[in-house]
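Here it is, the structure in full.
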Amino acid sequence: MKNDDGKPLVWITGASSGLGYAVATLYAKDGATIVASARSQTKLANLANLAVQTEADAVADRSLQGSIVPLPMDVTDDDSVTSGVKTILDNYGVPDTIILNAGYYDPCSLDEVTLEHFEKTIDVNYRGVVRCLLAVLPALRANSLSKLDGPRPHIVIVSSVAGYSGLPRAAAYGSTKAALTNLAESMKHELNSVGIDISVVNPGFVKTPLTDLNEFPMPFIMEVEDAALAMYTGLAKRQFEVTFPKRFTWIMKFMRILPYPVYFMATRKLL
Ligand SMILES: NC(=O)c1ccc[n+]([C@@H]2O[C@H](COP(=O)([O-])OP(=O)(O)OC[C@H]3O[C@@H](n4cnc5c(N)ncnc54)[C@H](OP(=O)(O)O)[C@@H]3O)[C@@H](O)[C@H]2O)c1
């Protein structure tokens, strides 16, 4: 099955739970073919089973019109990413949209933190995105240069408002997310000049297995379905930055322009 049926092809990493899972279902509702990646094969199979196979089912159930193909992958493993991308290109074609969403978060104070904690966070969140990006970029560039009409390929990096500025107990996680946002900003002009769009998604708090680990109050926390819809809608407009919920992300944007003494006075309360 090659991507020549006119349906958009979307590759999503971290699609086995949370935001990635919810966004995958939205693209599939819209008729796209989704290649869903993560390590958990069982969860990916459950996601794939949501997509209905026949048009009759789709009409009767008002369910998913597209298809979801599970593609197990560990973004920390070079071979897994290289062979996964080869499978996508050989079997489905060049993706129209690539959502690099796989992420790892383990809230940790400096008392508890270890080198392994930093290495794992960096390997999944930052190197994982770079690994996937570099594996698919040559095909994306070639495809974009060869077709001058039609929608431009779209790379999406899922970062976080935790990357706006440093927050207590998020030394490893926050710094990987700051790096991702910087990465997206750095690549924007070069990618645009070869016909590729790029977006960065900066969510506030969203109720997923990732935030279930937090023991502190999470202001303006969103249900995952609402967050996925906000993400999907912003990406459809090809905004460079997609953020949600707006009230929280504006507070975080404001905080990063505060003078350090005021900023640290505010963030000290988060200890
Ligand atoms: N939830 C929030 O409040 C929030 C806020 C800001 C940003 N974000 C970002 O949003 C993204 C999605 O997070 P989420 O909240 O939806 O968390 P989640 O439910 O824990 O999802 C994380 C996803 O990443 C995958 N993953 C983890 N390690 C991987 C690896 N080595 N290789 C491949 N896939 C891997 C997981 O699948 P497997 O375990 O099956 O591999 C899972 O599908 C993350 O980048 C996160 O940093 C979330």
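Heavy atoms only: backbone and side chains are in, while hydrogens, waters and symmetry mates are out. Order of appearance sets the numbers: ligands from 1, and atoms from 1 within every ligand.
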- prompt: Are Phe205 and Phe220 close enough that their ring centers fall under 6.0 Å?
  reply: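 Centroid separation for Phe205 and Phe220: 6.0 Å or greater.
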- prompt: Is it the case that one hydrophobic cluster holds both Ile196 and Leu9, taking links as side-chain heavy atoms less than 4.5 Å apart, direct or via other members?
  reply: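 The answer is yes; both residues are in one hydrophobic cluster.
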- request: Find the distance between CD1 (Ile98) and NE2 (His154) and round it off to the nearest 0.5 Å.
  value: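 Taking CD1 in Ile98 and NE2 in His154, the distance rounds to 10.5 Å.
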task: For ligand 1, would you mind listing the residues that have at least one heavy atom less than 4.0 Å away, ordered by chain and number?
output: Gly14, Ala15, Ser16, Ser17, Gly18, Leu19, Ala38, Arg39, Ser40, Met73, Asp74, Val75, Thr76, Asn101, Ala102, Gly103, Val124, Val158, Ser159, Ser160, Tyr173, Lys177, Pro203, Gly204, Phe205, Val206, Thr208, Pro209, Leu210, Thr211
query: Does Lys43 make a cation-pi contact with Tyr21 (under 6.0 Å, within 45 degrees of the axis)?
result: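 Verdict for Tyr21: no cation-pi partner in Lys43.
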message: Which heavy atom of Phe240 sits nearest to which heavy atom of Ile198, and what is that distance?
response: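 Between these two residues, the closest heavy atoms are CD1-O, 3.4 Å.
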Review item, side-chain donor-acceptor pairs of residues 226-235, under 3.5 Å, at least two apart:
from: Tyr232; atom 1: OH; to: Asp30; atom 2: OD2; distance (Å): 2.4
from: Thr233; atom 1: OG1; to: Leu229; atom 2: O; distance (Å): 2.6

